[in-house]
Each structure stands twice: as structure tokens, then as C-alpha cells.
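Reading through the C-alpha cells given below for one structure.
The figures that follow rest on heavy atoms only: side chains count, while hydrogens, waters and symmetry mates do not.
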Amino acid sequence: MGCASSTPQVPVQPQVPVSLDVDLHMDMDEAEALVRAVLGEFKFGVLTEIDVAKTLKTKINVDRLPLKILGACNPEFANRALQQTDDVVSLMLPCNVVLKSLEFVGSIKPKTRVMIASPRALIGPVSRSEQAVNLSVEAEEILLKVLARLKSEG
């Protein structure tokens, strides 16, 4: 006789990309200024900034192409999320916006990739709150507008 598995079956969730990306035809400094300005248009401010390349150079003497992580937050939206959902949503704040230089030796035109963490991909699998999932969809719609605006400029 075979043994039946007692492991509960977890429903398969549709794949949601972890990041929302756009490549801009500009250097990192120009891209960062544009990203900050466009985020501001959508009422996001930058709360934190991590210069990964500089930190790794300082801490372990590693050279790498520029890479920055901006912690962006729309305070009204964040407050709604914290008030209306379970505590797990606080693990996802602020929203990570990554700027990565795609400059290569000998490249003529600078290029920077902007990656924004997908709220749906991050919150959907960990929150049991329907409100949190709905807010993640709403947040992602706003961030997709941010990307569209960046794409039109860069």
C-alpha cells in the first residue's frame, strides 16, 4: 500500500515579475535626477539611499559598476497600507528603486537600468489580507505610470 501525502496543496499563483524595469539612455547621475523628479510627480519621496558600489569599495575593496538603491515612499499610500492591512506589509516598505549602470568599457552611449520592486510580487505571496493584495495592485499601477513616464523621458 502506498502512503498518501499529508502535505497540503498550495494553490499555484500566477507568476508576477519581481521587478518593473526600464533602461534609460543616460548616465547614472542623470537617471537618478530623473527618477527622483518623476517619483516626486507621483508623490513619492526618497527616504533612504544606499550606494552599493561605494559601500562595497569601502568595506571590502571591491570595484563594481555603479549601483544605487533608493527607498521610495508615498506617505499617504504607506499610511493606508499600514492601517488597512496586516503587519507583514511593513516588511515591504519603503519601495526599492534600483539604479544600475550598464556602461561597459568602450561604450559610446551611457545606459542605466531602473528596476522597481513589484508590490504585487512581494506582497501577494506573504500576506493573507485581501486588502494588502488590493493595495499592492493599486501601488503597482502607480509605479507602472512612473516607469512609463521614465521611458518617455529616457
Side-chain angles (χ1 to χ4, degrees), residues 10-103 109-154:
V10 177
V12 177
Q13 298 291 327
Q15 283 291 83
V16 176
V18 174
S19 69
L20 313 168
D21 304 349
V22 65
D23 289 346
L24 303 176
H25 297 280
M26 57 186 69
D27 68 27
M28 277 274 290
D29 291 336
E30 292 172 298
E32 182 178 346
L34 178 61
V35 165
R36 286 175 182 266
V38 172
L39 285 169
E41 290 174 19
F42 290 89
K43 299 185 173 139
F44 282 84
V46 174
L47 300 177
T48 60
E49 177 181 328
I50 302 168
D51 186 332
V52 176
K54 182 179 177 182
T55 300
L56 291 177
K57 181 65 176 174
T58 301
K59 299 289 184 182
I60 59 173
N61 199 30
V62 171
D63 291 313
R64 60 164 296 121
L65 287 173
L67 176 71
K68 260 190 187 175
I69 303 170
L70 305 178
C73 182
N74 176 316
E76 291 175 14
F77 196 86
N79 186 52
R80 278 181 44 219
L82 292 169
Q83 286 179 336
Q84 298 173 13
T85 66
D86 52 10
D87 292 338
V88 74
V89 78
S90 62
L91 294 170
M92 313 304 166
L93 300 175
C95 179
N96 282 335
V97 179
V98 176
L99 293 102
K100 178 182 179 183
S101 175
L102 299 178
E103 296 179 38
K109 294 184 179 182
K111 197 179 215 183
T112 302
R113 177 161 297 146
V114 178
M115 301 177 289
I116 302 176
S118 163
R120 288 186 322 132
L122 297 177
I123 291 175
V126 297
S127 178
R128 298 186 188 273
S129 164
E130 185 177 330
Q131 291 160 318
V133 173
N134 290 340
L135 282 169
S136 73
V137 170
E138 185 181 340
E140 187 150 318
E141 288 171 356
I142 295 168
L143 293 171
L144 287 169
K145 290 177 185 177
V146 168
L147 279 183
R149 178 84 167 77
L150 289 171
K151 190 173 186 176
S152 74
E153 293 289 323

Test item: [X] and [Y] side chains (from C-beta on) under 4.5 Å apart, heavy atoms:
X	Y	answer
F77	E138	yes
L144	E141	no
P94	T48	yes

When you measure from the side chain of S101 to the backbone of L65, do you find a donor-acceptor pair of N or O atoms at a distance under 3.5 Å? no

Is it true that R36 and E32 make a salt bridge, defined as a side-chain N closer than 4.0 Å to a carboxylate O? yes

If you measure from the Lys or Arg side-chain nitrogens to the Asp or Glu carboxylate oxygens, is any gap between E153 and R149 under 4.0 Å? yes

K57 NZ: over 12 foreign heavy atoms closer than 6.0 Å: yes

Check whether more than 12 heavy atoms from other residues, nucleotides or ligands sit under 6.0 Å from atom CD of E41, and answer yes or no. yes

Quick check for you: to the nearest 0.5 Å, what is the distance between [X] atom [atom1] and [Y] atom [atom2]?
X	Y	atom1	atom2	answer
K111	L24	NZ	CG	10.0 Å
M115	L147	CE	CG	11.5 Å
I69	T55	CD1	OG1	9.0 Å
L34	L99	CG	CG	9.5 Å

Salt bridge (charged side-chain N to carboxylate O under 4.0 Å, His left out) pairs touching residues 16-31, sequence neighbours excluded, are D23-R113

Shortest non-hydrogen contact from [X] toward [Y]:
X	Y	answer
L143	A117	CD1-O, 4.2 Å
P119	A139	CG-CB, 3.9 Å
Q84	Q131	O-OE1, 2.6 Å
F44	N74	CD2-N, 3.4 Å
T112	M28	OG1-N, 3.3 Å
A121	V18	CB-CA, 3.8 Å

Test L82 against L93 for side chain to side chain contact (heavy atoms under 4.5 Å, CB included), laying out the working first. CA-CA 10 Å; L82 292 169; L93 300 175; 3.9 Å; yes

Among L122, I123, L135, side chain to side chain contact (heavy atoms under 4.5 Å, CB included) partner for V89: I123

